[in-house]
Structure formats: C-alpha cells, structure tokens
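Chain letters run A, B, ... following the sequence lines, proteins first, then strands; residues in each count from 1.
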Number of protein chains: 2
Amino acid sequence: MEQSPIKKSSVTVADVARAAGVSKATAARVLGSYGTVSDAVRAKVSEAAAALGYRPNELARSMTTGRSGTIGVVVGDIENPFFSSAVRGIADVARLAGFTVILTNSGEDIAAEKAAIRTLLAKRVDGLIVSAASTSDFEHLLEIPDSGCPLVLLDRAISGIEVDTVTTDDRAAAEQATDILIRKGHRTMAYITACDTPDHRLHTLNDLQTGSVRQRVEGFVAVCADAGIAAPLEMVHLGANGREKCAKIALELLQSPQKPSAIIASDSLIALEVFKAVQQLGLSIPKDVSLIAFHDADWTAVTSPPITVIGQPVYLLGETVASLLIERINGAELQARRIVLPTELIERKSVDAPIEVVSSRPAR
Amino acid sequence: MEQSPIKKSSVTVADVARAAGVSKATAARVLGSYGTVSDAVRAKVSEAAAALGYRPNELARSMTTGRSGTIGVVVGDIENPFFSSAVRGIADVARLAGFTVILTNSGEDIAAEKAAIRTLLAKRVDGLIVSAASTSDFEHLLEIPDSGCPLVLLDRAISGIEVDTVTTDDRAAAEQATDILIRKGHRTMAYITACDTPDHRLHTLNDLQTGSVRQRVEGFVAVCADAGIAAPLEMVHLGANGREKCAKIALELLQSPQKPSAIIASDSLIALEVFKAVQQLGLSIPKDVSLIAFHDADWTAVTSPPITVIGQPVYLLGETVASLLIERINGAELQARRIVLPTELIERKSVDAPIEVVSSRPAR
DNA sequence: TTGAAAGCGATACCAT
DNA sequence: ATGGTATCGCTTTCAA
C-alpha cells in the first residue's frame with residue numbers, strides 16, 4: 001500500500017532514490033543538477049521525484065555548500081519611499097542573480113541594528129547590505145567582514161570602515177541647494193533632519209550620526225559660512241522623525257520670531273510635513289517661505305506650487321549596492337570601492353526671493 | 001600556539017566544547033540555551049564561546065529543529081506605498097515574535113510568483129504570506145498548505161482556497177464611493193485599475209484577476225446598475241500599471257469625447273497620474289472632473305484640492321496577517337478565518353457635481 | 001548534570 | 001556513470 005503523496009514529513013533524496021531504484025548519490029546528482037548522470041537514470045529519478053512530490057531542502061543544501069543564496073538587508077524604515085525604492089533595486093538585482101532577500105527594519109535604532117545583524121549572520125546570509133544608523137557606533141559592522149561575510153554600505157558612508165560603499169553626492173547637493181537659496185537673498189534658513197542628539201541640539205558636526213546627513217549639513221554650513229552668514233549650525237534642526245515630531249518642529253519654526261525665509265527638508269517625509277504646516281498656518285510657498293527637499297518623491301511634482309527637489313537615483317543606488325555585494329560574494333578581491341552617485345537639482349516653483357531681504361548693507 | 005580568534009572557517013560548538021573542556025552536548029546546551037547545565041559549566045562555556053568568537057549557525061539549528069524562524073512574503077511591488085506599509089506591519093509583528101522576513105516581489109507576474117513560492121518553500125520558511133496575483137491561477141498556492149506550510153492571504157481573497165485571509169471591505173468602499181459620485185449627479189464615470197486582460201478590455205467581472213479589484217468593480221457596477229446607468233462595465237479601464245501606461249490612459253480618457261465627469265483610481269499611484277494628467281491638460285479638479293482614490297497616501301491631503309480617498313488600514317492589514325500566520329505556525333488548528341478590515345471614506349475637496357448634468361429627464 | 005552517539009537532508013570525495 | 005560514505009553544525013534521545 002503506497003503512501004499518499006501528501007505526507008507531512010517531507011520527501012527526501014533518499015526517498016526518491018529508493019523509489020527510482022538508484023543510490024542516494026545518483027538521485028542527489030539529478031535533483032541537485034550537478035555531476036553527471038545518464039539520461040535514462042535522470043528520467044527515472046525525475047519521474048520518481050515528481051510522483052512523490054519531492055521538494056529540495058535548501059537548508060540542508062546550504063549547510064554543505066556553505067552558501068545560503070540569501071542576502072540580508074538592514075534599513076531604517078521600509079515605509080520611507082527612499083528605502084522602498086532602494087530595496088526594490090536591491091531585490092531586482094538579487095533575484096536576477098539567484099539570491100533572495102531577508103529584510104529587516106532597524107528603525108534607526110542602533111540596538112535593533114545590532115540584533116538584526118547578529119540574526120542575519122546566524123542565518124548565514126551570503127552578504128549584507130546595511131544603511132548604518134550611526135557613523136560612530138560601528139564595531140558590530142566591523143565584525144561582519146571579519147566573520148567572512150561581505151558587507152556593503154548603503155547611502156551612508158563610515159570613514160572608519162573599509163568596505164564597499166554606495167552613496168549619493170550629498171555634500172555637493174546640499175551646497176548647490178544652499179547656494180541657490182543664498183543667491184536668491186536668503187540669510188535665515190532652516191535645515192530640518194530626522195537625525196537627533198540627546199539634547200536635540202547640534203553643537204558640532206560630529207553630533208550628526210547619519211553619514212548622509214552629516215555630509216549635507218557640512219555642505220550647508222560651508223556655503224553659509226562662505227556667504228558670511230553667522231552661526232549656521234544653529235539653523236540646523238534635529239529630531240524630525242515621525243509625523244508628530246516633524247509637524248511640531250515645522251510649526252514652531254514657521255511661527256517663531258526668527259522664522260526662516262527658506263527651509264531645506266532632509267527627506268520627502270519631512271518636506272511633506274513642512275508643506276502641511278505651511279498650509280495649516282495659511283502661509284504660502286514660496287512667497288512666505290521657500291522650500292527645497294531631498295528626494296524627488298513622486299508627489300512633489302504635483303503640489304501647488306511643485307517643489308524644488310534634489311533628485312537622487314534611489315533605485316539605481318539599490319541596484320548598485322546589490323551588484324557590488326554580489327561581486328564580492330562571487331569572490332572579487334579588490335580594494336574597498338566608494339561609489340558616489342550624482343544627484344540632480346530639479347528646480348520647480350518652491351523657491352523665490354525672501355519678502356524682506358535682511359541684508360547686511362545699511363538700510364536705505 | 002593558539003589560533004587567532006579571527007579564522008575563516010567558523011567556530012562551532014565542538015570548538016567551544018573542546019576549549020571549555022566539556023562535551024559537545026553540554027556546550028550545545030548552554031549555547032542553544034536549552035536543557036539543564038550547572039552554573040559553573042555555563043560560565044566556562046560562555047567564556048570560551050566569547051573568547052573564540054562563536055556565532056551560532058542558525059541553518060544547522062533549523063535543520064534539526066525543523067523551524068527556520070523565517071516567514072516568506074510575496075507582494076506585487078514593494079515600491080507601492082500600499083505594500084511598503086503592509087510589509088512594515090508584517091515585519092514589526094514578525095520581529096516581536098522572533099521571526100525574520102524574506103521578501104520577494106512578484107511584479108504581479110504569475111510565473112514570478114510561482115518561482116518565488118518554490119524558492120521560499122525550499123528555504124523552509126515557517127509560514128507564507130502572499131498577495132496573490134491571480135484569483136484563478138492558484139494551484140501553486142494550494143500546494144503550500146499541502147506541504148505543511150501555513151499560508152495567509154494578504155489583501156486579496158481567493159474563493160477556491162480555504163486559508164486565513166485578511167482583506168479590507170473593498171466592495172463596500174467602492175459602493176460608497178460610487179454612491180457619492182452618483183448622488184452628486186455623475187453618470188459618466190471611469191474606474192481605473194492596474195489589472196489587465198489580454199485584450200485590455202473588460203468583458204465580464206471574471207476577467208478581473210485581482211481579488212480586491214474584483215470586489216471593488218463589483219461594487220461599482222452594482223451601484224451604477226441600481227442607478228440605472230447603462231453598461232457600467234465599459235466604464236472600467238484596465239492596464240494602468242506603470243507610470244507611462246497609467247499616464248496614457250488618464251490622458252486619453254480626459255480628452256475623449258466621452259470624457260468622464262468623475263474618476264475612481266484604484267490605488268494612489270494611479271491617482272497621482274490622473275492628477276498629473278489633469279494639470280497637464282489645464283483642467284481642474286473637481287470642476288472639470290471629480291476624483292476619488294483608493295488608499296489614503298500621505299500626499300493626497302496636501303494637493304490643491306486635497307483628494308477624497310478611501311482610507312485603508314494598511315499597516316494594520318500587515319500586522320493582522322502576520323499575527324494570524326504566527327498563530328498558525330504555533331500550531332493553531334481552526335477553520336480558515338476571513339478577516340475583513342473596515343475602510344473609511346475621507347471626504348476632502350476633489351468631488352463636486354458635474355458641470356453639465358446629462359440627466360435622463362427631458363431638458364428644460 | 002553530563003556525555004556518547006544518532007540523526008536532519010543534502011553535497012562531495014573516493015572508489016568502482 | 002554510479003555507489004558508498006564521510007561531512008556540515010547542531011539538536012536530541014538515551015545512558016550514566
């Protein structure tokens with residue numbers, strides 16, 4: 001009496017081999033498509049496998065081959081369109097190369113990031129892509145290549161760690177944006193970011209733990225300084241993570257006595273909250289306040305006015321980071337590569353001269 | 001002469017056991033935290049493990065325990081904010097329960113979906129969440145529970161398959177939206193969806209392969225029929241997948257002699273293209289055309305005018321589907337549950353009466 | 001509490 | 001071309 005093909009415990013190579021009347025080794029050869037087998041045997045085994053409903057156990061295979069066919073990805077927040085787009089790029093390249101993606105959200109929390117990496121390493125991913133939450137706390141990242149697992153950094157470089165890194169030219173982009181604003185006559189600006197410090201104030205550039213933001217603020221500050229604007233660091237506003245906090249910051253800023261005449265939003269989520277706040281207060285862009293946002297989110301083109309943005313090749317960023325990683329997995333032994341993708345300032349209608357130019361020249 | 005702790009091939013329980021001077025079994029007990037060990041031994045082993053830089057091999061563990069601690073997720077497109085939000089919900093619940101998520105994009109392609117599922121099953125995921133591309137081609141889905149792997153359907157129910165399913169009340173939502181439009185006096189409407197058929201035309205409701213869309217169109221058609229509107233099926237427009245195709249459809253529709261006075265967009269991506277098309281043609285919402293969109297994407301509140309939408313609890317959808325799956329993984333043996341989450345019509349400013357009401361009443 | 005040994009499901013090396 | 005068998009790293013009886 002034959003067993004029904006639907007049995008709980010799975011069918012193994014041994015089962016198939018028995019059914020086909022060959023050795024385990026031979027059955028394994030055809031099922032795993034390696035080695036050499038005669039056509040006759042191949043047919044017999046395939047048939048038996050189909051009849052029994054054989055499904056390979058990739059875990060067992062991974063254990064002996066040492067490759068899991070999996071790459072781990074750690075990002076801050078998959079809900080952020082920036083990351084979803086990058087992840088899509090990663091996933092597409094990975095799939096084409098025969099890899100599968102394990103995705104984890106760190107929520108930009110360093111402890112969560114560490115835990116995620118530990119888990120991923122335990123699952124023996126063939127490689128790891130991480131968008132690091134901190135530029136200073138990265139010992140756990142160093143352990144990755146040490147344990148023999150290739151690592152590629154996404155969007156955020158870390159100077160103390162020699163691995164492939166793919167970023168966009170954040171500094172140049174920020175300089176360009178700031179420059180445009182200053183040329184228009186802006187002197188009081190605000191750079192809003194989700195980054196934060198314990199006391200929510202920015203004392204030095206070293207307080208900025210997100211690599212990309214650090215670069216941008218450096219650019220912002222440098223251009224401001226060149227223009228003779230005092231204390232540019234004080235124009236950087238931290239802690240805009242999550243809708244509420246973000247809205248609160250935007251609202252306070254726009255109602256403050258030192259209301260900036262222009263705002264640079266460090267991502268599209270922040271830009272959206274700024275936009276909402278402006279509407280809510282009955283102000284208008286760019287008359288009352290100019291706005292430039294990082295990330296050319298799809299909706300930024302349809303608002304009134306459409307928003308001037310720094311377009312980043314996000315999908316490409318994902319594709320590139322995945323490609324580099326896969327090269328490493330396949331054994332490429334080269335120096336660490338640092339790829340910087342260009343951005344593009346897309347001028348729309350959210351920037352204009354400030355209403356009252358507070359110039360340093362004597363009035364009248 | 002001791003080996004450096006940084007050796008290529010990984011440190012195993014056996015290595016730790018040797019270093020700690022205990023048996024492999026004992027070392028495994030403390031490293032895997034199971035069984036009973038004396039405190040003294042535990043300390044010794046832990047110490048040795050730390051010194052050697054031991055990292056557990058989850059693959060090996062999975063092979064003997066039969067659990068991989070992983071759940072597979074198959075969605076159409078992670079870049080679509082609908083799915084990113086749902087995936088975030090899934091990932092959060094999964095992480096709390098100690099599971100990790102393998103994410104795959106099907107691109108709504110049935111072959112890709114099948115391949116993904118095969119791979120996931122081979123990797124021995126503990127459970128599977130899929131947003132099925134087709135309501136009719138689902139034999140491959142049936143094999144999932146047959147092979148002993150719990151399956152939960154996300155957002156799209158399939159009548160022929162008895163598994164847990166979490167959806168939103170698409171039909172009711174569509175009825176409500178359609179009703180609002182008709183009450184305002186609209187008779188010529190357009191329902192735009194990414195769904196498609198070989199000839200891009202909708203002959204019968206059965207042509208609709210996406211579960212959720214099928215429900216919505218049923219609602220749309222039913223309410224239209226109730227209102228005495230002829231041939232509502234012809235008001236359903238297919239193939240709006242991808243920016244270009246989507247834009248093309250919107251543009252054609254808005255310039256056609258039978259220009260609809262109202263449009264229902266089946267997701268936020270479509271709504272955006274419609275919005276762009278309207279702007280591009282110099283038309284205005286809601287004067288020239290009314291618009292209602294499925295999915296309360298964040299930006300829909302800030303456009304001019306803000307868009308009336310059908311808010312879906314997407315993150316909750318993800319959380320729920322993950323919770324159900326995990327219950328099953330933990331052995332829950334109940335009948336298939338079909339959970340339908342409520343939606344909420346959020347009225348903003350994109351709906352108004354049509355300019356010229358083509359009524360069936362005699363003119364004047 | 002601890003240890004010895006038998007799997008788990010594949011691959012891989014060595015014969016034949 | 002095929003078969004026998006050790007092996008991967010861990011868990012899990014079963015004894016001691």
Side-chain angles (χ1 to χ4, degrees), chain A residues 7-46 48-49 52-70 119 121-126 147-149, chain B residues 7-46 48-49 52-69 119 121-126 147-148:
Chain A
K7 43 179 292 190
K8 198 92 169 242
S9 59
S10 55
V11 181
T12 73
V13 262
D15 298 326
V16 176
R18 200 174 310 124
V22 299
S23 78
K24 215 174 63 168
T26 302
R29 279 190 264 261
V30 4
L31 296 175
S33 23
Y34 60 89
T36 58
V37 217
S38 71
D39 289 347
V41 171
R42 182 189 315 286
K44 247 196 329 192
V45 174
S46 304
L52 295 177
Y54 168 78
R55 286 186 175 285
N57 184 330
E58 193 65 41
L59 292 178
R61 182 174 295 169
S62 299
M63 215 170 72
T64 71
T65 60
R67 308 185 103 220
S68 64
T70 299
T119 304
L121 249 23
K123 289 200 189 297
R124 292 299 191 264
V125 291
D126 291 333
S147 77
C149 174
Chain B
K7 41 179 289 189
K8 195 95 171 238
S9 58
S10 54
V11 181
T12 73
V13 261
D15 298 326
V16 176
R18 199 174 311 122
V22 299
S23 77
K24 214 175 63 170
T26 301
R29 280 191 262 262
V30 5
L31 296 175
S33 27
Y34 59 89
T36 59
V37 218
S38 70
D39 289 346
V41 171
R42 181 188 316 287
K44 246 194 331 192
V45 173
S46 304
L52 295 178
Y54 169 78
R55 286 187 176 285
N57 184 329
E58 192 65 42
L59 292 178
R61 183 174 295 167
S62 298
M63 220 173 67
T64 70
T65 61
R67 308 185 103 220
S68 65
T119 304
L121 250 22
K123 290 201 188 297
R124 292 301 191 263
V125 292
D126 292 333
S147 77

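Neither OP1 nor OP2 of D:dT2 sits under 4.0 Å from any side-chain N or O of A:Ser23. Phosphate proximity of C:dC8 to A:Thr12: absent, as no side-chain N or O sits under 4.0 Å from OP1 or OP2. Applying the 4.0 Å criterion to OP1 and OP2 of C:dA12, one finds that A:Tyr34 has every side-chain N and O outside that range. Contact annotation: A:Thr65 side-chain N/O to C:dT11 OP1/OP2 distance is not under 4.0 Å.
Per the geometry, CG belonging to B:Leu59 stands 10 Å off C1' belonging to D:dC8, to the nearest Å. One interatomic measurement links the two molecules: CG of A:Asn57 to C1' of C:dT11, which rounds to 13 Å at whole-angstrom precision. Put simply, CG on B:Leu31 is 8 Å from P on D:dT11, counting in whole angstrom units. When rounded to the nearest whole Å, the span between CG of B:Asp15 and P of D:dC8 equals 10 Å. Summarising the geometry, the separation between CD on A:Glu58 and P on C:dC8 is reported as 19 Å, rounded to the nearest angstrom. Atom CZ of B:Arg124 and atom C1' of C:dC8 are 11 Å apart (whole Å). When the P atom of D:dG9 is taken as reference, atom NZ of A:Lys123 falls 18 Å away, rounded to whole Å. Atoms CZ (B:Arg29) and P (D:dT13) sit 12 Å apart, rounded to a whole Å.
Shortest non-hydrogen contact noted between B:Leu121 and B:Ser147 is CG-OG, 4.1 Å. When all heavy atoms of B:Ser68 and B:Asp126 are compared, the pair lying nearest together is N-OD1, 2.9 Å. In plain terms, the two heavy atoms of B:Asp15 and B:Val11 that are nearest each other are OD2-CA, 3.5 Å. Heavy-atom minimum distance, A:Arg124 versus B:Arg55: NH2-O, 3.5 Å.
For the side chain to side chain contact (heavy atoms under 4.5 Å, CB included) with A:Val13, the qualifying choice from A:Val30, A:Thr26, A:Leu31, A:Asn57 is A:Leu31, the only one to do so.
Each of A:Met63 and B:Thr64 has a nearest nucleotide on DNA chain D; the 5'-most of these lies closest to A:Met63. Residues A:Thr26 and B:Gly32 both approach DNA chain D. Their nearest nucleotides, taken by heavy-atom distance, put A:Thr26 toward the 5′ side.
Below the 3.5 angstrom threshold, one finds no donor paired with an acceptor across the side chain of A:Arg55 and the base of C:dG9.
Using a 4.0 Å heavy-atom criterion, one finds that A:Thr36 contacts the bases of the nucleic acid, with or without backbone contacts as well.
Closest approach to the A:Ala28 side chain among D:dG9, C:dT11, C:dT2 is made by C:dT11 (side chain taken as heavy atoms from C-beta onward). The side chain of B:Ala25 has C:dA5 as its nearest neighbour among C:dA5, D:dG3, D:dG9.
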